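Input: a single structure, listed below in structure tokens.
All chains are named by letter (A, B, ...) in the order of the sequence lines, taking the proteins before the strands, and each is independently numbered beginning at 1. What you see is a predicted model, and the numbers here were worked out from it, not measured in a lab. Computed from heavy atoms alone, side chains included, the values below leave out hydrogens, waters and symmetry copies.
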Protein chains: 2
Amino acid sequence: MTKALERREKLRVDLIQAAEQMIAERGLAGLKTRDLAREIGCANGAVYNLVADVDELVLRVGSRTLLRLDEALSAAEGAGAPSPQATLIRIAIAYCDFAAENLELWRALFEHRMAADKPLPDWSINDQLQLFRHIYQPLAALFPERSPEELGITARSLFSAVHGMVALGLEQKLVAVPLPALRKEIANLVHAMIDGLIGRAEQKGSAAAD
Amino acid sequence: MTKALERREKLRVDLIQAAEQMIAERGLAGLKTRDLAREIGCANGAVYNLVADVDELVLRVGSRTLLRLDEALSAAEGAGAPSPQATLIRIAIAYCDFAAENLELWRALFEHRMAADKPLPDWSINDQLQLFRHIYQPLAALFPERSPEELGITARSLFSAVHGMVALGLEQKLVAVPLPALRKEIANLVHAMIDGLIGRAEQKGSAAAD
DNA sequence: ATATTTATTGAACGATGTTCAAGATCGCTG
DNA sequence: CAGCGATCTTGAACATCGTTCAATAAATAT
């Protein structure tokens with residue numbers, strides 16, 4: 001019984017790769033089951049033997065995108081660390097660059113919405129939470145007195161702020177921003193946010209001494 | 001010929017209001033032309049006498065949402081102004097509150113995407129640019145030496161950062177954040193961003209004196 | 001009142017996600 | 001290796017969409 005399952009697995013991998021390429025080329029809205037079936041050489045109905053529905057397919061592609069994003073952020077934090085500030089800025093720039101280079105796949109991560117009655121599977125939620133990890137460590141170095149809970153909240157806030165700048169910056173709806181200008185803006189505002197957070201922490205800490 | 005056009009106009013208003021209510025109740029994906037037609041009492045084909053297509057309908061609803069958002073932000077900046085910093089924070093909180101209270105309509109502003117070959121009409125683009133106006137004035141008070149271009153860029157960055165925090169904060173995908181905690185986080189990070197921007201501006205300005 | 005212009009209708013079209021009975025294929029056993 | 005039961009695959013069919021259009025009804029002009 002191995003032969004059948006092997007073929008199934010190979011087809012499933014092909015399907016997810018084809019879906020990834022299709023989203024990258026035509027956007028999430030351009031993903032069609034019939035085109036996918038033709039691409040991997042099977043009947044359109046067969047797609048539902050490999051995957052429960054299109055939602056799962058999009059989530060599986062998203063999982064791959066998140067993995068590559070994770071690698072890109074790891075590479076950014078890996079290279080020599082002059083200071084936690086510099087590391088955080090490099091991570092933010094790496095996030096921007098990844099989004100620009102994988103525009104449609106990155107958008108698909110946030111554009112996709114499940115039906116209200118079918119929530120995200122756990123494995124998908126877990127994928128997403130891994131991202132904050134990259135920001136957590138430099139933040140912990142900057143604010144050693146903060147609790148893990150506080151650091152987690154701050155990490156999510158920082159990530160969300162950078163995400164917003166990238167999301168609206170890469171949007172063609174508004175005035176198109178040249179990528180170098182966007183990178184500069186992000187570096188500048190991240191630097192300001194960190195400086196501001198440090199300043200406010202010192203102010204707070206010294207209040208007892210006054 | 002007034003009778004026919006009057007009826008047409010009334011129907012068009014009804015249509016947009018019905019679409020607004022439908023998006024608010026069922027989300028952008030729940031907007032269906034046949035349901036709309038039944039709601040306003042006409043044939044489904046008649047919808048296309050009132051509006052070119054669903055894209056235009058969504059944009060018209062978006063225009064109304066942006067108008068109400070504009071009013072909410074104006075109200076936030078209007079109330080007594082202790083300092084530009086405090087005003088910016090109030091605006092950010094107002095943005096967060098508006099998004100929370102008008103969740104589906106606010107989401108529709110950013111979820112909706114036009115087909116690649118049909119760009120946004122000018123009137124819709126203009127609607128969106130008005131938003132930065134609210135941030136521009138307090139920023140100009142904080143950084144009088146900056147050029148209008150620089151201020152515009154900073155205003156967009158600040159707006160985008162807050163937008164990102166609200167967008168990911170209200171997302172049910174990740175861990176649900178209680179609204180009061182989100183408001184507190186936004187106030188904190190906006191404060192930090194402004195402090196940081198001021199600090200970096202001072203540093204830069206005094207560099208010549210070093 | 002009649003003719004001409006215009007608006008409205010709702011059936012039909014094409015696309016799309018999903019299902020399912022019928023047929024093809026596979027894996028095991030005698 | 002032949003045959004049989006289980007399983008997989010197929011592609012036609014279904015339900016829903018947005019959108020179009022010839023026919024009908026209404027409104028306006030003469």
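- With salt bridges taken as basic N to acidic carboxylate O contacts below 4.0 Å, one links B:R64 and B:E20.
- Among the nucleotides C:dT9, C:dA11, C:dT18, the one closest to any side-chain atom of B:N44 is C:dA11.
- Atom CZ of A:R8 is separated from atom P of D:dT10 by 12 Å (rounded to the nearest Å).
- Residues of residues 49-64 of chain B having a heavy atom closer than 4.0 Å to DNA chain C, listed by number: B:N49.
- The pair A:K118-A:D55 does not meet the salt-bridge criterion, since no charged nitrogen lies less than 4.0 angstrom from a carboxylate oxygen.
- Because its NZ or CZ atom is both nearer than 6.0 Å to the ring centre of A:F143 and within 45° of the ring axis, A:R146 counts as a cation-pi partner of that residue.
- For A:C42, whose side chain is taken as the heavy atoms from C-beta onward, the closest listed nucleotide among D:dT19, D:dC8, D:dT10 is D:dT10.
- Put simply, OH on B:Y48 is 4 Å from P on D:dT19, counting in whole angstrom units.
- In this entry the distance linking CE of A:M114 with C1' of C:dG17 reads 15 Å, nearest Å.
- Remark: B:R7 is not in phosphate contact with D:dA26, judged by side-chain N or O atoms under 4.0 Å from OP1 or OP2.
- If you check the side chains of A:Q21 and A:Q17, you find no donor sitting under 3.5 Å from an acceptor.
- Rounded to whole Å, atom P of D:dT9 lies 13 Å from atom NZ of A:K10.
- Checking A:R8 against A:N49 by side-chain atom types alone, no donor-acceptor pair falls below 3.5 Å.
- A donor-acceptor pair is defined here as one N or O able to donate and one able to accept, closer than 3.5 Å; such a pair exists between the side chain of B:E150 and the backbone of B:S147.
- Side-chain atoms of A:E185 and B:S157 form a donor-acceptor pair, as typed in the model, at a separation below 3.5 Å.
- For A:H163 and A:F110, the ring centers are positioned less than 6.0 Å apart.
- Across residues 17-41 of chain A, A:R34 each have a non-hydrogen atom less than 4.0 Å from an atom of DNA chain D (numbered order).
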